[in-house]
Structure formats: structure tokens, C-alpha cells
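Report on the following structure.
All of these numbers come straight from a predicted model, not from anything done at the bench.
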Amino acid sequence: MISSFKQPEVPASPLAAWDARWKVAALILAAFGIASLNHLAPTAIVAVGALLLVWLARLPGTWVRSHLGLFAFAALPFLLVLPFTLDRQGPGWNL
């Protein structure tokens, strides 16, 4: 059986030298931190930090854009339905 999956090349970067267990631990810690954000300023700081990590990892721009575009396409139905399902008197978006 021939596999058509091709592993992407790992660029020479400081993050490539980390052990995989440390990468998973950092990812779990970051996921909990991002889930606890509820204001615009800390969220913007996290977004800048994420872009800094993408730059530090030296990922190809086309690869990052394609994967972020796929995520945006998958999240779009939730973002379209969410404003119509929130309770007006309960917690929600304050725009």
C-alpha cells in the first residue's frame, strides 16, 4: 500500500529543537489560557504572540494561510448562528 501523504519539511528554527512532549504541554497550557480570555486587549496580545510564534517557527506563509483559511471556513457556521441563539438578558457580546 502506497501512502500519498508527504511529511512537510521541518525548517531550521529554535522551536524545531524542542522535545515533542514540551510542545504538547505548551499547547495544552496555551489552549486553557486562550479559553479564559474575555476582553479585547488580552486577546490582541495573544494574537500578536501567536504571530510571533509563527514567525519564530519559520513556517511557510502559504501553509499558514491555507490552514487558517480552512479553520475560518469550519468556524463560519458557528459564528453565523451564535448571535441568534444568545439570550438577550444573559451574558453575551457587548458591542
Side-chain angles (χ1 to χ4, degrees):
M1 184 164 153
I2 298 173
S3 174
S4 63
F5 180 74
K6 183 179 179 288
Q7 248 339 54
E9 294 181 18
V10 178
S13 72
L15 296 180
W18 284 12
D19 184 30
R21 293 172 289 193
W22 284 108
K23 291 178 188 178
V24 171
L27 183 65
I28 291 171
L29 182 65
F32 280 113
I34 290 169
S36 67
L37 296 174
N38 60 358
H39 294 290
L40 186 60
T43 306
I45 292 170
V46 168
V48 169
L51 291 175
L52 179 67
L53 283 175
V54 167
W55 175 76
L56 188 62
R58 297 187 179 123
L59 294 175
T62 55
W63 184 87
V64 172
R65 283 190 296 276
S66 68
H67 282 74
L68 285 179
L70 182 63
F71 171 74
F73 182 70
L76 185 64
F78 298 102
L79 292 175
L80 292 176
V81 171
L82 184 64
F84 300 112
T85 59
L86 289 176
D87 183 21
R88 299 265 185 217
Q89 283 72 31
W93 291 346
N94 293 325
L95 298 177

Show every donor-acceptor pair shorter than 3.5 Å between a side-chain atom in residues 66-77 and any protein atom, with sequence neighbours excluded, or say none if there are none.
residue	atom	partner	partner atom	Å
S66	OG	T62	O	3.3
S66	OG	W63	O	2.9
H67	ND1	W63	O	2.9

Interatomic distance, L40 atom CG to I45 atom CD1 [nearest 0.5 angstrom]: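 Rounded to the nearest 0.5 Å, the CG-CD1 separation comes out at 10.0 Å.
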
Euclidean distance, L59 CG relative to L53 CG, rounded to 0.5 Å: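 Going from the CG atom of L53 to the CG atom of L59 covers 9.5 Å.
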
Applying side chain to side chain contact (heavy atoms under 4.5 Å, CB included), name anything that partners L37, two or more places apart in sequence or on another chain.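 Scan of L37 (side chain to side chain contact (heavy atoms under 4.5 Å, CB included), adjacent residues dropped) gives P42, T43, V46.
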
Suppose the criterion is side chain to side chain donor-acceptor pair (under 3.5 Å): which pairs have a residue in residues 20-30, not counting sequence neighbours?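 Applying side chain to side chain donor-acceptor pair (under 3.5 Å) to every pair that reaches into residues 20-30, excluding sequence neighbours, yields D19-R21.
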
